[in-house]
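Each remark here refers to the structure printed beneath this line.
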Amino acid sequence: MARELFLKVPWGRIFAKNWHLPSSEKGCKKVLLLHGNSDHTQCWDWTAEKLPKDWSVVGIDFPGHGKSNMPDQLYSTTGDLFGYSIRYVVDELAQS
């Protein structure tokens, strides 16, 4: 069963879902699944279930998608906000 996480970011929170091992598990392969525009991380449910159970498989909802907060100010999907989101998630998962 997948574990749901909410990671704190400067504009609120990013929703993440981990289908297998914790990302802190030593020696496991790590996969970060990123959805397309106008989608959410649940689009990866069927894919994540097919990946090896000894991998850490994490998907995120980009800002304003799925269960993640929308920043107060408008943003562009071609801007850096998605990149910053990935960086925040990777840093947070590396520490947990």
Side-chain angles (χ1 to χ4, degrees):
M1 182 171 184
R3 185 176 77 143
E4 295 186 350
L5 312 161
F6 286 96
L7 308 173
K8 188 175 178 177
V9 291
W11 58 89
R13 63 186 190 173
I14 293 287
F15 173 76
K17 192 172 183 181
N18 189 333
W19 285 272
H20 300 309
L21 295 175
S23 58
S24 61
E25 187 78 24
K26 299 264 190 239
C28 71
K29 292 184 180 182
K30 296 171 175 69
V31 177
L32 181 61
L33 302 174
L34 306 173
H35 64 76
N37 199 21
S38 300
D39 212 340
H40 51 79
T41 198
Q42 272 70 12
C43 72
W44 293 111
D45 285 342
W46 64 274
T47 302
E49 293 301 330
K50 302 269 186 215
L51 293 172
K53 303 296 184 223
D54 59 343
W55 291 12
S56 175
V57 179
V58 175
I60 66 168
D61 283 340
F62 280 118
H65 294 78
K67 298 178 184 177
S68 290
N69 291 122
M70 171 75 96
D72 290 336
Q73 298 182 15
L74 295 176
Y75 69 94
S76 166
T77 56
T78 59
D80 290 340
L81 187 60
F82 283 15
Y84 288 132
S85 300
I86 295 167
R87 181 58 189 247
Y88 283 118
V89 169
V90 169
D91 288 348
E92 180 70 25
L93 293 174
Q95 294 175 12
S96 61

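Heavy-atom basis, side chains included; hydrogens, waters and symmetry copies ignored. Everything quoted here is computed from the prediction, not taken from an experiment.
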Show the nearest heavy-atom pair for residues [X] and [Y], with the distance to one decimal.
X	Y	result
P52	H20	O-CD2, 3.6 Å
L33	W19	CD1-CZ3, 3.9 Å
D54	C28	O-CB, 3.4 Å
H35	T41	CD2-N, 3.8 Å
S68	F62	CB-O, 3.5 Å

side-chain contact (heavy atoms from CB on, under 4.5 Å) between Y88 and L7: does it pass, once the steps are laid out?
CA-CA 8 Å; Y88 283 118; L7 308 173; over 6 Å; no

Show the numbers, then the answer: is there a side-chain contact (heavy atoms from CB on, under 4.5 Å) between H65 and D39?
CA-CA 7 Å; H65 294 78; D39 212 340; 5.8 Å; no

Over 12 foreign heavy atoms within 6.0 Å of CZ, F6:
yes

Neighbour count above 12 (heavy atom, 6.0 Å) for K53 NZ
yes

Could you state whether V90 and L81 fall into the same hydrophobic cluster, counting links through intermediate Ile, Leu, Val, Met, Phe, Trp or Tyr residues with side-chain heavy atoms under 4.5 angstrom apart?
yes

Close side-chain approach of K29 and V31, heavy atoms under 4.5 Å:
no

Heavy atoms, side chains only, cut-off 4.5 Å: are V57 and W44 in contact?
no

Between CD of E92 and CZ of R87, what distance do you get to the nearest 0.5 Å?
13.0 Å

